[in-house]
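What follows is a single structure, written as structure tokens, with notes after it.
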Amino acid sequence: MHFNRQLKRLEIQPVSGEISIGGTWGSEVVHANTKSGLVETESSNGVFSAKNQAQENKNLAAANEKRMNGTSYASSSLNVNGFVEGERYSMTETKVATLDGSSDGHVTSNSFSKIQKSNGNASSYSSDDELVSIEGNMCASATGVVRVQSRKKAEMFLVRTDGFSCAREKVTESSLAFTHPSTQQQMLMWKSTPKTVLLLKKLGPELMKEAKEVASFLYYQEKMNVLVEPEVHDIFARIPGFGFVQTFYTQDTSDLHERVDFVACLGGDGVILHASNLFRGAVPPVVSFNLGSLGFLTSHTFEDYRQDLKQVIHGNNTAEGVYITLRMRLRCEIFRNGKAVPGKIFDVLNEVVVDRGSNPYLSKIECYEHDRLITKVQGDGVIVATPTGSTAYSTAAGGSMVHPNVPCMLFTPICPHSLSFRPVILPDSARLELKIPDDARSNAWVSFDGKRRQQLSRGHSVRISMSQHPLPTVNKCDQTGDWFHSLIRCLNWNERMDQKAL
Ligand SMILES: NC(=O)c1ccc[n+]([C@@H]2O[C@H](COP(=O)([O-])OP(=O)(O)OC[C@H]3O[C@@H](n4cnc5c(N)ncnc54)[C@H](O)[C@@H]3O)[C@@H](O)[C@H]2O)c1
Ligand SMILES: Nc1ncnc2c1ncn2[C@@H]1O[C@H](COP(=O)(O)OP(=O)(O)OP(=O)(O)O)[C@@H](O)[C@H]1O
């Protein structure tokens, strides 16, 4: 998996579901014997295996039911992006026509027909309408001569491209199918016991009591090296008994992720955004204890910090790992007249915003996707948010709230001067560029997670794409449980008095 590259000492494993390749529905030839009530199946490559009969009969019972209902299509099973024996399989859902008494004239019969296929010939029998094979695909019945489709479906490949390279994937049985959902629970399991923790706290003198408690627990009980930021280290250095606390140089944090096994945050959402900003490349797993006001992203309560930290270090009771959410970040880079401005690369956890700043004029922002002009924003500005950021500024501007596992980016205009300009959600493969055109009435401003605000002059642009490095957060419960819990706890999502019975 793409995200795994950055996680050196740990493994992340999809938790649910085995990989299986499904979706043979559309390529099956169906035999239905109305007299015996039995239903047989034969795969399109002509091989019928007895040991599969029970399963296939089950399938066919379902197929039969569809026929009874007069359904002319069978949907392929919802499916995959799996790797089986080194081959990649398709990830597309499709509907596949079946051979039944549908109106397209393949087989016509007023009852179930038995259809056999061999060497390109097909014949069809019916209990009340005996069919006689004439030649080739032609069959005679009491109602006349019908043409039975006998040719095997064409084989196909699925070609994926990211614009630079192509990958050809095999499609089983000429049917596009998913074998499992593309997003699943992720579990963090250590290969060796973590040794170093970075303890981050909200800026300022607040929360020192809590920081001291956690630092002592991690050092004395869990025998871990405890790192803090230099400003916090200055405070610890003056407290007797905390000489074990270490720090690092903030001028160069490029190799910090190689020295830190996980990050423990004390504060609100701002501390997590700060952690994201500290790690420009790979980010170690982050466990956060809510000591702020809202704390949408801070899933753990401070009271349980001992137990929760033990679980991160040693795994929980049921498994040797903990659930995590890989939070997508966006890589943003500022360009001037098509040339990258040195040192202007930012990875955001919530969003990048281009707005009019203090200018009284409408901002005019050209928006490109893979170099194609998709629209011009004329309004206060535009937000490009991650699923994590979907519950922050983007929601306030009318964007949807998106589960952090959904691989996408949100494109949300801010007060657009056009009634039809609705927020949209783009795939994670989108490559956006927000550009201030030469005919804009004024400059614009850009900010990254609400910080590092700077001016964008005419000709400047910000290019935005999915960052290779997500921010992994440790779940209290699991990805979905934590998210709904935060929606209700922080945003009162759909809170309503229960209606009484009549
Ligand atoms: N109108 C708005 O809603 C608005 C305006 C500006 C910035 N913001 C948000 O503030 C963020 C910066 O946060 P800060 O703490 O540095 O600034 P801040 O101190 O202004 O706090 C912003 C608030 O947003 C909440 N928040 C942050 N990220 C969140 C998320 N992913 N989901 C739900 N709530 C979240 C925080 O808990 C805090 O209460 C920006 O990334 C932006 O999303 C929101
Ligand atoms: N260690 C830090 N260093 C620098 N800035 C920080 C640090 N911790 C937090 N901040 C900043 O301080 C501000 C307040 O952070 P805090 O954690 O209280 O979040 P918050 O936005 O108030 O969230 P909440 O509403 O959840 O309490 C944020 O803007 C954040 O970016």
Side-chain angles (χ1 to χ4, degrees), residues 198-208 210-211 214 227-236 247-248 250 253 256 263-279 286 288-302 325 327-330 332 346-357 380-406 409-410 412-415 423 445-453 464 470-471 473 479 482-493:
L198 171 62
L199 181 60
L200 292 180
K201 66 176 268 310
K202 187 174 172 170
L203 191 65
E206 283 173 69
L207 304 182
M208 268 316 288
E210 289 83 356
V214 174
L227 278 182
V228 296
E229 290 186 273
E231 305 79 55
V232 183
H233 186 258
D234 288 348
I235 306 175
F236 270 118
T247 191
F248 56 92
T250 35
T253 55
L256 194 56
V263 182
C265 291
L266 308 178
D269 295 323
V271 185
I272 300 187
L273 295 175
H274 178 68
S276 168
N277 185 35
L278 214 51
F279 294 91
V286 175
S288 53
F289 297 95
N290 187 17
L291 289 163
S293 41
L294 187 77
F296 189 94
L297 307 172
T298 54
S299 42
H300 295 68
T301 52
F302 185 71
T325 302
R327 295 182 180 276
M328 181 232 225
R329 300 197 293 174
L330 293 173
C332 310
F346 309 90
D347 277 358
V348 295
L349 179 63
N350 267 352
E351 77 285 288
V352 49
V353 180
V354 176
D355 61 28
R356 67 187 174 88
D380 280 1
V382 64
I383 302 167
V384 180
T386 63
T388 295
S390 72
T391 45
Y393 195 2
S394 174
T395 279
S400 282
M401 296 192 287
V402 179
H403 187 289
N405 257 21
V406 180
M409 47 183 97
L410 294 92
T412 311
I414 310 168
C415 299
W445 289 78
V446 62
S447 61
F448 305 93
D449 284 340
K451 299 259 182 322
R452 292 156 283 161
R453 199 162 170 74
I464 304 155
L471 183 135
T473 51
Q479 296 164 355
D482 284 2
W483 192 64
F484 278 109
H485 188 244
S486 286
L487 278 183
I488 294 162
R489 178 176 60 85
C490 304
L491 306 179
N492 298 329
W493 184 68

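Note that ligands are numbered from 1 as they come in the structure, with each ligand's atoms numbered from 1 the same way.
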Does [X], backbone or side chain, put an N or O under 3.5 Å from an N or O of ligand 2?
X: L273; value: no
X: G268; value: yes
X: F296; value: no
X: G267; value: no

Looking only at protein heavy atoms, which one is nearest to [atom], and what is the separation?
atom: atom 29 (O) of ligand 2; value: K451 NZ, 2.6 Å
atom: atom 14 (P) of ligand 1; value: L273 CD1, 4.1 Å
atom: atom 24 (O) of ligand 1; value: L294 CD2, 4.9 Å
atom: atom 42 (C) of ligand 1; value: E351 OE1, 3.3 Å
atom: atom 35 (C) of ligand 1; value: D269 OD2, 3.5 Å
atom: atom 15 (O) of ligand 1; value: G270 CA, 3.6 Å
atom: atom 6 (C) of ligand 2; value: L203 CB, 3.8 Å
atom: atom 15 (O) of ligand 2; value: G270 CA, 3.7 Å
atom: atom 26 (O) of ligand 2; value: G295 N, 2.6 Å
atom: atom 27 (O) of ligand 2; value: S293 N, 2.6 Å
atom: atom 14 (C) of ligand 2; value: K202 CE, 4.3 Å

Against ligand 2, does D269 come closer than 4.0 Å with any heavy atom?
yes
Take [atom] and look for protein heavy atoms under 4.0 Å from it; say yes if you find one, no if not.
atom: atom 31 (N) of ligand 1; value: yes
atom: atom 22 (C) of ligand 1; value: no
atom: atom 38 (C) of ligand 1; value: no
atom: atom 19 (O) of ligand 2; value: yes
atom: atom 18 (P) of ligand 1; value: no

Taking only heavy atoms of K451, which atoms of ligand 1 are found under 4.0 Å from at least one of them?
16 (O)
Numbered atoms of ligand 2 (with element) below 4.0 Å of K201, judged on heavy atoms
1 (N), 2 (C), 8 (N)
On a heavy-atom basis, I'd like to know which of F296, Y393, F448 is closest to atom 5 (C) of ligand 1.
Y393
Less than 3.5 Å between some nitrogen or oxygen of S293 and one of ligand 1, yes or no?
no
